[in-house]
Amino acid sequence: MNFGVIVVGAGHAGIEASLAAARMGVATLMLTLNLDHIGQMSCNPAIGGIGKGHLVREIDALGGEMALAIDETGIQFRFLNTRKGPAVRARRAQADKAAYRTRMKRVLEATANLTIRQASVERLLVEGGRVRGVESQIGEIFEAECVILTTGTFLKGLVHIGLKSYSAGRAGDFAAMGLSEHLAQLGFRIGRLKTGTCPRLDSRTIDYSGLELQPGDDPPPPFSFRTARIAQEQVACHLTYTNALTHEVIRGGIDRSPMYSGVIQSRGPRYCPSVEDKVMRFRDKERHQIFLEPEGRDTVEVYPNGLSTSLPLDVQLAMVRSIKGLESAEIMRPGYAIEYDFSDPTQLLASLETKLVDRLFFAGQLNGTTGYEEAGAQGLMAGINAALTVRGEPALILRRDEAYIGVMIDDLVTRGIGGEPYRMFTSRAEYRLLLREDNADRRLTPFGERLGLLGAAAGQRVRDKDERVKRELARLGEALIPASGAVNSMLTGCGSTPIAHPARAFELLKRPEVSYATVLTMAGLTEGLDTDEAAQLEIDVKYEGYVRRQAEMVERFKRLEDAIIPQWVDYSAVNGLSTEVRERLLSVRPRSLGQAARMPGVTPAAISLIAFHLKSRRGRASDTLRDC
């Protein structure tokens, strides 16, 4: 069977990759170990969060599916960091796990140019350094012009509960045992990582009466720019805490922890540690938050977020029952840790195509990342670039100043993961004031429209949005706010100074503490913009100086990025480079001076030497370094 693109895996990366390639008109085949587990949320049934929510909005702006899926199947929606700066505000939504999975499968099955098959891929077909297809466990041959691997935690997956372990891609699914060995034979550097999940509790055995209620926002904020409003009723979550007894139980069973007994050697995500790790590392903390999050509307299973563990089941039960509200709780599924193989992402080009095998793309946890959102973003880009390759068109590579997706991929292919799973944070983006959730459509919708992943209506929606913001700015520039007692009372109430004379609404909006809604009330104006438009307007006004300075930084950054390093460059011939720097450059083969400058251990002096070498070899003067 011949296809343009084959996608191996049907998790969040595989879904976005398959949909992107098929929607771009390329005959696509999705292969998965279990057709019933397409879009499975193996860990927390939630989408978004700080940094992660930005990725989801960018996926949506490019024409991906994740935001639409969570808007349709979410059971609670919230805005996070609303009291902090606009760069770090983000959405998060709790999903109905079963509904999310069912919806994703329905969308895939209804997509033109997409075939879905159940199969376990054991090896790639490679001829002359180029991938030609894949072979399944039972000897089926599937041929394609491009192959995308999105294998998640399935490569030699090993589940740990206490000192017991067994082979699995996740609890309830078989592991893929042969593919990572085959990749190693092809020359890929394969490593080992670890992640984990929480026990699932029976909601009927939880006493919620004394717990803190965690409601969703009203109105609930949609993820997708294409969703007008969230219509479904929201479900409440609850908050509880570990305590001294909980910590005593954990310490008492730590000798049977696979992490602390030496059974697990690989590293897990630093910023999502197990509860035993939190207790052992932060001994001065008296308690840790546990969010009780329902897994759906039609199930009694509850996810105790913050209680990830691989302790033995008897210790897990004692630990759970030591927590307020959970004294009689029953565990429906035990928590566990899982080790799995991954490939060093510095073996990839910025398009996510591998350097060792042409037309082979990697996406998701195979590249050492953690999280549904990181996987979905990589899958989308791999699907786009595989389809562009089939069509004979240049790859789409998003820069660090254009998208969090660009930041993530550049981090992976330039710096690698540093020995632990990579997770997206807003702090990773040096231009985060430009890369906000509210303007993801302004930044990326033109790409999605050009690729054919979005219709003309999406592009027109962005243009209309910009026009409405401009009109509102003009309206605020003309509106006069009186220096009345009511106005000054409102100003002092929000921590601002009163005015002695009438002032333009635009000028008062420049004050950091005065919101757009407050300005409208003081000016006696009706609501003019929706949530995203209002956020865009406020930031354009309040942070104009900061935005301008970041834009100037971006221009300097572009000069370095435009200084391309040809693949023919012989780093051994660059005088003055240390052996360590040469080895690093050879392993990554940076595409530009900008990428080389971001590599660990590559000094500004080394960049100067490379620039001089390029100038002398190519006879082409470069003012890049002086300008930057």
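These figures come from a predicted structure and were not determined experimentally. Index from 1, following the sequence.
The backbone N or O of A46 sits nowhere less than 3.5 Å from a side-chain atom of Y100 that would complete a donor-acceptor pair. Between the K278 side chain and the G306 main chain, a donor and an acceptor come within less than 3.5 Å of each other. Distance alone, capped at 3.5 Å, is enough to place a donor-acceptor pair between the N81 side chain and the V88 backbone. Formation of a donor-acceptor pair under 3.5 Å by the D530 side chain with backbone atoms of E533 is found in this model. The backbone N or O of I397 sits nowhere less than 3.5 Å from a side-chain atom of R399 that would complete a donor-acceptor pair. Under the 3.5 Å distance criterion, the side-chain polar atoms of Q94 are matched with a main-chain donor or acceptor of P45. Judged by distance alone, with hydrogens and angles left aside, the side-chain atoms of R415 form a donor-acceptor pair with the main-chain N or O of R598 at under 3.5 Å. Under a 3.5 Å cut-off, the side chain of N385 and the backbone N or O of A395 do not form any donor-acceptor pair. Using modelled atom types, one side-chain atom of R89 and one backbone atom of K84 make a donor-acceptor pair closer than 3.5 Å. In terms of modelled atom types and a separation under 3.5 Å, the side chain of Y372 and the main chain of C43 share a donor-acceptor contact.
Screening residues 427-461 for ring-ring contact (aromatic ring centres under 6.0 Å, His included), with sequence neighbours left out, gives Y431-F557. Within the structure, the salt bridge (charged side-chain N to carboxylate O under 4.0 Å, His left out) test picks out the following pairs touching residues 361-386 (sequence neighbours left out): K52-E373, K52-E374. Residue pairs meeting the side-chain hydrogen bond (donor to acceptor under 3.5 Å, both in side chains) criterion with at least one partner in residues 16-26, sequence neighbours excluded, are R23-E65. Here ring-ring contact (aromatic ring centres under 6.0 Å, His included) pairs that include residues 43-72, with residues two or more places apart or in two chains, are H54-Y404.
By the side chain to side chain donor-acceptor pair (under 3.5 Å) test, R443 pairs with E58, N439, sequence neighbours left out. E437 is linked by a salt bridge (charged side-chain N to carboxylate O under 4.0 Å, His left out) to R91, counting only residues two or more places apart in sequence or in another chain. Residues passing the side chain to side chain donor-acceptor pair (under 3.5 Å) test with T414 are D410, Q595, sequence neighbours excluded. R281 pairs by the salt bridge (charged side-chain N to carboxylate O under 4.0 Å, His left out) definition with D277, not counting sequence neighbours. Checked against side-chain contact (heavy atoms from CB on, under 4.5 Å), Q234 has the following partners two or more places apart in sequence or in another chain: Q76, F77, P220. Residues satisfying the side chain to side chain donor-acceptor pair (under 3.5 Å) criterion with R475, sequence neighbours excluded, are E472. Evaluation of the salt bridge (charged side-chain N to carboxylate O under 4.0 Å, His left out) rule for R106 yields E72 as partners, not counting sequence neighbours.
Between V26 and N113, the closest side-chain pair of non-hydrogen atoms is not below 4.5 Å. A heavy-atom distance below 4.5 Å is found between the side chains of L213 and H238. At least one side-chain heavy atom of L476 sits less than 4.5 Å from a side-chain heavy atom of L509. Side chains of Y340 and T195 form a contact here, defined as non-hydrogen atoms less than 4.5 Å apart. Using a 4.5 Å heavy-atom threshold, the side chains of I230 and P219 count as separate. For the pair L453/M24, a side-chain contact is recorded, criterion being any heavy-atom separation below 4.5 Å from C-beta on. Inter-residue side-chain proximity for I417 and L193 is flagged as met; some heavy-atom pair is nearer than 4.5 Å. Residues T197 and I338 have side chains not in contact (no heavy-atom distance under 4.5 Å, counting atoms from C-beta outward).
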Under 3.5 Å, which donor-acceptor pairs do the side chains of residues 361-370 form with other protein atoms, sequence neighbours left out?
| from | atom 1 | to | atom 2 | distance (Å) |
| --- | --- | --- | --- | --- |
| N367 | ND2 | F362 | O | 3.1 |
| N367 | ND2 | Q378 | OE1 | 2.9 |
| T369 | OG1 | G364 | O | 3.1 |
| T369 | OG1 | Q378 | NE2 | 3.0 |

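Taking CD of E430 as the reference point, atom CG of L435 lies at 8.5 Å (rounded to 0.5 Å). Atom CZ of R200 is separated from atom OG1 of T299 by 10.5 Å, given to the nearest 0.5 angstrom. Here SG of C198 is found 7.5 Å from CG of N44. Values are rounded to the nearest 0.5 Å. Of the inter-residue distances, the one linking T150 atom OG1 with L352 atom CG reads 12.0 Å to the nearest 0.5 angstrom. A distance of 6.5 Å separates OG1 of T531 from CZ of F79, quoted to the nearest 0.5 Å. Within the model, atoms CD1 of I384 and CG of L19 stand 11.5 Å from one another, a figure rounded to the nearest 0.5 Å.
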Checklist entry - Hey, mind stepping through K558 and E555 against salt bridge (charged side-chain N to carboxylate O under 4.0 Å, His left out) and telling me if it holds? => result CA-CA 5 Å; K558 285 180 181 177; E555 287 305 311; 3.5 Å; yes
Next on the checklist: Apply side chain to side chain contact (heavy atoms under 4.5 Å, CB included) to residues V413 and V588 and explain how you reach the verdict.
Outcome noted: CA-CA 7 Å; V413 304; V588 173; over 6 Å; no
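When every heavy atom of T426 is checked against every heavy atom of A87, the shortest pair comes out as CG2-O, 3.9 Å. Nearest approach of V519 to I481, heavy atoms of both residues: O-CD1, 4.0 Å. When all heavy atoms are compared, the tightest approach of I405 to A377 is CG1-CB, 3.8 Å. Across every non-hydrogen atom of P86 and L433, the tightest pair is CG-CD1, 4.0 Å. Scanning all heavy atoms of the two residues, the minimum distance from E212 to Y241 falls at OE1-OH, 4.1 Å. For E420 against G268, the heavy-atom pair with the smallest separation is CB-O, 3.8 Å.
For R170 and S42, the side-chain atoms include at least one donor-acceptor pair closer than 3.5 Å. Side-chain atoms of D71 and T227 form a donor-acceptor pair, as typed in the model, at a separation below 3.5 Å. The closest side-chain donor-acceptor pair between D466 and Q536 falls under 3.5 angstrom.
Remark: of the listed residues K510, R511, R504, K510 is the sole one forming a salt bridge (charged side-chain N to carboxylate O under 4.0 Å, His left out) with E507. Of the residues R57, R461, K465, the one that meets the side-chain hydrogen bond (donor to acceptor under 3.5 Å, both in side chains) test with D441 is K465. Partner of K97 under the salt bridge (charged side-chain N to carboxylate O under 4.0 Å, His left out) criterion, chosen from E301, E293, E295: E295.
Salt bridge annotation for E544-R548: present, with a cationic side-chain nitrogen under 4.0 angstrom from a carboxylate oxygen.
Environment of CD in E552: crowded, with over 12 heavy atoms of neighbouring residues, nucleotides or ligands closer than 6.0 Å.
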